[in-house]
Every structure is written in structure tokens, then in C-alpha cells.
Amino acid sequence: MTGPVRLGILGAGRILRRFLPGSERTGAVDVVAIASRNAERASAVAARHGIPTTHASYEALLADPAIDAVYIAVPNSLHHAWTMRALATGKHVLCEKPYSTNAAEVDEAHDFAEAARLVLTEGFMWRHGPHATSFAEELPRIGELRTIRSTFTFVIGSDDDIRLNRELAGGSLMDVGTYCVSASRLLAGREPIAALGVAWPAVSGVDERFNGILDFGDGMVATLTSGFRSEHSSIEAIGSDGSLRLDDPFAGRATKLIGSDGFEVAIPQVDPYELELDDFAAAIRGEHPVRLGRTDMLGQARALAALYESAATGRRVAV
Ligand SMILES: NC(=O)c1ccc[n+]([C@@H]2O[C@H](COP(=O)([O-])OP(=O)(O)OC[C@H]3O[C@@H](n4cnc5c(N)ncnc54)[C@H](OP(=O)(O)O)[C@@H]3O)[C@@H](O)[C@H]2O)c1
């Protein structure tokens, strides 16, 4: 493929306020269409961002031959179904996180994508920035890694939010704890062997707060906290020779990595959505595989599933 990837968007939700500025910065994609269940919403977003085509349904966008790839930005429970439909129409897929808690769904989608020579990736934009890569690179400074502590909480604005909706696969672990799982797996450099979880339910039944432990074996453990009733975001890695800490790591706003020995690394300011799209487009052009492909998506799904199973049963669950 030559020229920018022609991207269509499924869903006109709030994430677009962050995603579309990133898509406007990169030359790797052109957002050429958006589909919404609500024509006015699609038109309003299209007008604000100069998107030339609106579609009145997701199906219509998928049938549009002038689109190479789609960004799926719908509630969590719909990610896999719309990914399969998009792949079936020959579109490459960037699907928002969390893709699924079901490893079989991840495999099904990747089996299909591979057979059709299509690219599929999960939208963990934070993994594309220097905040994630610097942290992983500097880890040897703290000796043998023993503990990873990560927290991602924010105050939810409305009881109507999809994040509090059980049918739509809401929940704090799904929404923000999934970043902590991603950070733990990245820094551990391997997959956990077991999980323990405790969930505090909201009125709707989803976990409004979640505390988890991922056991990576050989004495390395990650603890994670997610929630909808306080504001905090950080990752700390504790090793035999010291510790490293990054505040506000997940949204591309982190400014410095701080070591317990006074060491500091400045983190360049980037737009993680732009970098995510650069990675996706380069994979579509065949330059390299996506950063977050089948293996990473399976690791995420399995860890999330084990944490939820542990919270439901009160038992330690093998991953
Ligand atoms: N990577 C990140 O930084 C990041 C940040 C925030 C959210 N996300 C992810 O992005 C996805 C969307 O989150 P959001 O904050 O944009 O949510 P949102 O504002 O509630 O938007 C979700 C959109 O999904 C569409 N949708 C389709 N079926 C729906 C249904 N049955 N009920 C409700 N909405 C439905 C709607 O679009 P139309 O009505 O226009 O069709 C709606 O606007 C989630 O998976 C979330 O985890 C990622």
C-alpha cells in the first residue's frame, strides 16, 4: 500500500476527543469516514474534524470500499463481534482496549486476520510511548525486580457511563485496571502464573474498585488497584537495589521517571494515539508486525479473566 491508510471509525463516543487529534498529527492515516447509530452525532464529529463521509450504521461503513482499516471505539462487550465483522469485510482492525477477557475470542480473531492477511491490534496507546519504553529500559538499574505496584483510578462523572454497565462489560478492572495489567506484564517481561482479585461492586454490579495480585513466579509479584471513586495513576517497580516510579504513566502525560537513588529520566511529551496509529499503519504497509499482536492480546485476556475469576470465587486462579 502506498499513501496513508484510509481509516473509518465505528462509534462517535468520548474517546474520539483524544484519538482524533492523534490521527490528525500522523501522516500515516487519513480518517475518511465515521459511523454512528446517531446521524447527528456522526455529522457533528465529522464537521469538527473534517471527516468527509458519515455512515448511518456500522454495517454501512464496513461495506464502504474506500476504507482500508477501522478503529473500533464501541463498548467493551461489542469489541470482538465488531472486529469479526470488520475482518470479514476485509478491513484491518485497531480495536479499543480491553479487547476481551476471553482468550478463545482473541485466537478466533487472529486466526481469521492471519488467514485473510489483515492486521489486528488492541488500542493500548500507552504502550507506544517513551513512558512505557523508558521504564522497561531502565529496569536493570534496580537490580532483581521483585514487586510492581500500579494504580489507575479516576472519578467517574455519571451513573450513566458505559463503564458502570454490566451488559456492556463495564467495570474498573476492564476500564483502567487493564492498563495496570498491561504495565505489570510489560515490566515483568513475562506472563503471570496466577492471579488473586478482590472486587467491590457498584450498584450496577460491575466492580467499582478492584485490587489484584499477579504472581509472576520466582518471587516476583505485581499488585494493582483500579477504581472509579478517586484520582490516582502511577507505576512503581521495586527491585533488590532500589526502585523506579512513574506518575501519571498511562495517558502520555508522564514527565519523568524517578529512581530511589535520585536518578531521573525526562520523558518526552508525545501523543500516544499518534504513535499507536503509526505502528498500526506501518504493520498494514508490511514494514513490521504490530507492537501488540496475538501474544500480547492473549496475555491481557488471560490475566483479566483470572483476576475476575479469583474475585468471584475467592480463590487463587492459575493463569
Ligand atoms: N485507549 C484509551 O485511551 C481509551 C480511553 C477511553 C475509552 N477507551 C475505550 O473506548 C471505548 C469507548 O469508550 P468511550 O469512553 O468513548 O465511551 P462512550 O463515550 O460511551 O462511547 C461509546 C460509543 O459506543 C457506541 N455504542 C455502540 N453500541 C452501544 C451501546 N449498546 N451502548 C452505548 N454505546 C454504544 C456509541 O457510538 P454511536 O452511538 O455514535 O454509534 C457510543 O458513543 C471503550 O472500549 C473504552 O474502554 C479507550
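Values below: all heavy atoms of this structure, side chains included; hydrogens, waters and symmetry mates excluded. Counting starts at 1 for both ligands and their atoms, following the listed order. Owing to the predicted nature of the structure, the values given are computational and were not obtained by experimental measurement.
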Parallel under 30°, tilted from 30 to 60°, perpendicular over 60°: which one fits the rings of F250 and F152? parallel
Hey, is Y71 one of the residues with a heavy atom under 4.0 angstrom from ligand 1? no
What residue and atom, counting heavy atoms only, is the protein's closest point to atom 40 (O) of ligand 1, and at what distance? S36 OG, 2.5 Å
Taking atom types as modelled, is there a side-chain donor on H55 or T53 under 3.5 Å from an acceptor on the other? no
Strictly distance-based, threshold 3.5 Å: is any side-chain N or O of Q300 a donor or acceptor partner for the main-chain N or O of S182? yes
So is Y58 touching ligand 1 or not, going by heavy atoms under 4.0 Å? yes
Under 4.0 Å to a heavy atom of Y179 - the qualifying atoms of ligand 1, by number: 1 (N), 2 (C), 3 (O), 4 (C)
What is the closest protein heavy atom to atom 18 (P) of ligand 1, and at what distance does it sit? R14 NH2, 3.7 Å
Under the 3.5 angstrom rule, does the side chain of H131 hit a backbone N or O of W126 as a donor-acceptor pair? yes
Out of A39, G11, G13, the nearest non-hydrogen contact to atom 21 (O) of ligand 1 is supplied by G13
Under 6.0 Å from the six-membered ring centre of Y273 and within 45° of its axis: does the NZ or CZ of R18 meet both? no
Could you tell me whether some N/O pair between M125 and ligand 1 is separated by less than 3.5 angstrom? no
Would you mind running through ligand 1 and noting each atom that sits below 4.0 Å from a heavy atom of Y273? 2 (C), 3 (O)
Sub-4.0 Å heavy-atom contact, E167 with ligand 1: no
ILVMFWY network linking Y71 to L62, side-chain heavy atoms under 4.5 angstrom: no
Ligand 1 atoms in contact with G123 (distance to a heavy atom under 4.0 Å): 1 (N)
So, regarding N38 and ligand 1 (criterion: nitrogen or oxygen to nitrogen or oxygen, under 3.5 Å), is there a contact or not? no
Might you confirm whether atom CZ of R185 has over 12 heavy atoms from other residues, nucleotides or ligands at distances under 6.0 Å? yes
What protein heavy atom sits nearest atom 12 (C) of ligand 1, and how far off is it? A73 O, 3.7 Å
Mind checking what makes side-chain contact (heavy atoms from CB on, under 4.5 Å) contact with E231, not counting sequence neighbours? F154, V155
By number and element, which atoms of ligand 1 are closer than 4.0 Å to a non-hydrogen atom of R163? 6 (C), 7 (C), 13 (O), 14 (P), 15 (O)
For atom 1 (N) of ligand 1, the option (of R17, E96, M174) bearing the nearest heavy atom: E96
Counting N and O atoms only, with roles assigned by atom type, does the side chain of R209 sit under 3.5 Å from a partner on the main chain of W200, one being a donor and the other an acceptor? no
Between N102 and A104, is there a donor-acceptor pair closer than 3.5 Å when you use the side chain of the first and the backbone of the second? yes
May I ask you to check if ligand 1 and L78 share an N or O to N or O distance below 3.5 Å? no
For I15 and ligand 1, does the shortest N/O to N/O distance drop below 3.5 Å? yes
Heavy atom under 4.0 Å from ligand 1: found in R41's side chain, backbone, both, or neither? side chain
Among all protein heavy atoms, pick the one closest to atom 32 (N) of ligand 1 and tell me residue, atom and distance. L168 CD1, 3.6 Å
Check: L164 main-chain N/O paired with S204 side-chain donor or acceptor under 3.5 Å: yes
Distance to 0.1 Å, residue and atom name: give those for the protein heavy atom nearest to atom 24 (O) of ligand 1. P75 CD, 3.1 Å
Between the main-chain N or O of R41 and the side-chain N or O of S36, is there a donor-acceptor pair closer than 3.5 Å? no
Are V290 and F19 connected into the same hydrophobic cluster when the rule is that any two of I, L, V, M, F, W, Y join if their side-chain heavy atoms are below 4.5 Å apart? yes
Among protein heavy atoms, which sits nearest to atom 17 (O) of ligand 1, and what does the distance come to when rounded to 0.1 Å? I162 CD1, 3.3 Å
Give me the residue, atom name and distance of the protein heavy atom closest to atom 47 (O) of ligand 1. K97 O, 2.9 Å
List ligand 1 atoms under 4.0 Å from H79, heavy atoms only on the residue side. 45 (O)
What is the closest protein heavy atom to atom 36 (C) of ligand 1, and at what distance does it sit? R37 NH2, 3.6 Å
Atoms of ligand 1 under 4.0 Å from any heavy atom of D175, numbered from 1 in the order shown, are 47 (O)
Return yes if a side-chain donor-acceptor contact under 3.5 Å exists between T151 and S234, otherwise no. no
